[in-house]
There are 2 protein chains.
Amino acid sequence: MVDVAREAGVALRTVSRVVNNDSTVGAELAERVQAAIAALDYRPDERARQLRSGVTGTLGAAVRQLSHVNPVLRAVEQAARAAGLMVLAASTEDDEQLERRVVESMCRRRFDGIILEPIGADHGYLLPELAAGLSLVAVDRPVAGLDVDCVISDNAAGIRTAYAHLRAHGHRRIAYVGDDERIFTARERAAAFRACVAEHGGTLDGAAHTGPIEPGRIRAALAAALSGPDPATAIITGNATISVEVVRGLGPAPLAVVGFDDSELATLLRPDLTVVAQDDRAIGGTAIDLLRARIADPSRPVRRVTVPVELLTRGSGEVPAR
Amino acid sequence: MVDVAREAGVALRTVSRVVNNDSTVGAELAERVQAAIAALDYRPDERARQLRSGVTGTLGAAVRQLSHVNPVLRAVEQAARAAGLMVLAASTEDDEQLERRVVESMCRRRFDGIILEPIGADHGYLLPELAAGLSLVAVDRPVAGLDVDCVISDNAAGIRTAYAHLRAHGHRRIAYVGDDERIFTARERAAAFRACVAEHGGTLDGAAHTGPIEPGRIRAALAAALSGPDPATAIITGNATISVEVVRGLGPAPLAVVGFDDSELATLLRPDLTVVAQDDRAIGGTAIDLLRARIADPSRPVRRVTVPVELLTRGSGEVPAR
DNA sequence: CTGAAAGCGCTAACAA
DNA sequence: TTGTTAGCGCTTTCAG
């Protein structure tokens, strides 16, 4: 920049003004500066700018897997862009160590705020960062043991809706196949399912199956649900991946299925899959709203927002009970 | 940092040494500094560090859609991590304006290098950046009109393999349904298909269908391919999304299908989809190799790497011709 | 409207 | 092993 100033024969301050589109520069000088910039291939250094001015205009997004379908991340990016903020994202790969490295790296870069899909149980490393002024919003699940802003789906209501829908179609023996209950959402959904069964006077024998997402495990869960003296006539699944495995495993059996989470696959299946869908746009938009509010006022009270889910009836959930 | 130095009663340089794990610091002093760091919630500022030291250890990835399945991005992240580099990614949303904003933003942050999935035709804005020392590797397609390192799949070989495979199963009337030929890969694949037809003395009448990915357009293409006096007995598709639409549109027709690009959906279909799969790990790994080499030696000759593809036979491509 | 000087937080080079 | 000084590239006072 000092070179540009010399080339253009002006003061440093003037170049800075031109680069930042400060309108209080004479047209003639501005042109001379622009010419010098082009002639010298001058490229402003954002780091120096941030260091001096203190603003970054950048948000970080630490998510489980960048290269997986993640409509919430998409909504986050869009909302951030609409607010004039840049989002830089990185994967945590469901690895606590990596999550920490990623988040700390974003902190050292002084991003204005961070959107985090938290994993694992111990987020103690965040305490000093939060104390030092980090703005952070958790998405999809709360940060274990820490009182920070977060946006989550109404998992319990989703399960209740699915359960009621199946009951309304005559099903009385409904089974659930879900993800590993070490995962927050899986825990919430499984608990809601058990509550539904209890509420309607059912028995849980062979009805609730949770565990890691492995084809073998899921086939076994299905077999258990469909055997015995009182086999299930309907299945609720715990997430999109499990929906696929369940449908694959069921074959042409005339069972009713309601999946949790919408996906591209849902309309590929026969019949199309009825799902409980998250409101991704609302989640992403709310996350950005909360983050901006937190940045603006670090001392504001913590908010935990629960976003409603929606039942999309497409056929598989409307198969009547025999 | 100056506060930490005062609190610990040492010089600035000593704090810097402790923060950077410089082993030439006495254990006693180091401990005092650590204590001061904890007491003051000191957090190092990466921007100042980079500004002074010149190194960032950061790569940028500008891809079409962060939240879409992108095994190449996954491989890029893994290879970068293995090399001790942090990857920060952003979406370009297939928007030339946004691509430019994203890439320029990464340049201003002085990332060590950028992995780019280039879109659009005019990348002139990159010229001054490259002249000023930007290291950049294009992935999936070359940068239009610019001589920069890139890694692409062997699209032509993939089509030839698919075509030969179908011929080996007795098919003589093979149709192609592809993406919009304004897209580089779509253009390469369609051209290779036409060359195959010509080479085997076939006619292109109603055989090659390219255009935007819209269910209606694809249904029409299928109808055209399957009608007339000499209907196709096999279909090659241009990418994973089109494969889905084609299979959806075909229903239970006894046609052979070979898809381009593997996907999660491939094993959901009946029969499982035979595909030409890209070697995502090789593409991502090579991209990082090229980028690191370019960073190490900006004047090295430009390399354009073509990565072989692989045919995965799963059933749909082995349906015999009637 | 423009210019000179100070300093953001840190590390490189050199001394001690 | 530790301390001192200078300066990375920029913006921000505060004078002209």
Side-chain angles (χ1 to χ4, degrees), chain A residues 1-37 40-58 104-112 128-129 132-134, chain B residues 1-37 40-58 104-112 128-129 132-134:
Chain A
M1 186 179 247
V2 63
D3 300 325
V4 174
R6 187 158 6 111
E7 172 86 7
V10 299
L12 215 57
R13 181 72 182 90
T14 307
V15 179
S16 172
R17 284 212 168 90
V18 172
V19 170
N20 293 305
N21 295 316
D22 191 321
S23 54
T24 69
V25 180
E28 190 188 350
L29 276 194
E31 212 145 306
R32 246 171 46 213
V33 171
Q34 293 289 9
I37 287 175
L40 298 178
D41 271 344
Y42 166 76
R43 305 183 305 160
D45 188 318
E46 181 69 19
R47 301 167 301 180
R49 186 189 132 75
Q50 288 181 15
L51 186 57
R52 184 63 244 246
S53 69
V55 298
T56 79
T58 310
E104 288 186 334
S105 174
M106 289 172 171
C107 288
R108 283 196 302 269
R109 283 158 213 268
R110 296 294 187 275
F111 286 175
D112 288 344
E129 303 290 354
L134 168 64
Chain B
M1 185 178 247
V2 64
D3 300 325
V4 174
R6 188 160 4 121
E7 171 86 8
V10 299
L12 213 59
R13 184 70 183 91
T14 307
V15 179
S16 172
R17 283 207 169 95
V18 172
V19 169
N20 294 303
N21 294 317
D22 190 322
S23 55
T24 69
V25 178
E28 189 189 348
L29 276 196
E31 212 144 306
R32 245 169 49 210
V33 172
Q34 293 288 10
I37 287 176
L40 298 179
D41 272 345
Y42 165 77
R43 305 182 306 159
D45 188 317
E46 181 69 18
R47 301 167 301 181
R49 186 189 130 78
Q50 288 181 13
L51 186 58
R52 184 62 244 244
S53 69
V55 299
T56 78
T58 310
E104 288 186 334
S105 174
M106 289 173 171
C107 288
R108 282 195 303 269
R109 283 159 212 267
R110 296 293 187 273
F111 286 175
D112 288 344
E129 303 290 354
L134 167 64

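Residue numbers begin at 1 in each chain, while the letters A, B, ... track the order of the sequences.
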Min side-chain heavy-atom separation [X]-[Y] under 4.5 Å:
X: A/L29; Y: A/V18; result: no
X: A/R49; Y: A/P44; result: no
X: B/Q50; Y: A/R109; result: yes
X: B/R47; Y: A/R110; result: yes

Practice item. Using chain A heavy atoms and a threshold of under 4.0 Å, write down where along DNA chain D the contacts begin and end, 5' to 3'. Key: D/dG9 to D/dT13
**Study point:** Residue pair B/D41 / A/P128: nearest heavy atoms and the distance that separates them
**Key:** OD1-CB, 3.8 Å
Revision key, fill the gap. Closest non-hydrogen atoms of A/M1 and A/S16, given as atom of the first, atom of the second and distance, are CE-CA, 3.6 Å
Point to revise | Footprint string (nucleotides 7-16 of chain C, 5' to 3'): B base within contact, S backbone only, - free, heavy atoms under 4.0 Å | key: BBBBBBB---
Review point. Quick one: salt bridge (charged side-chain N to carboxylate O under 4.0 Å, His left out) partners of A/R52, sequence neighbours excluded?
Key: none
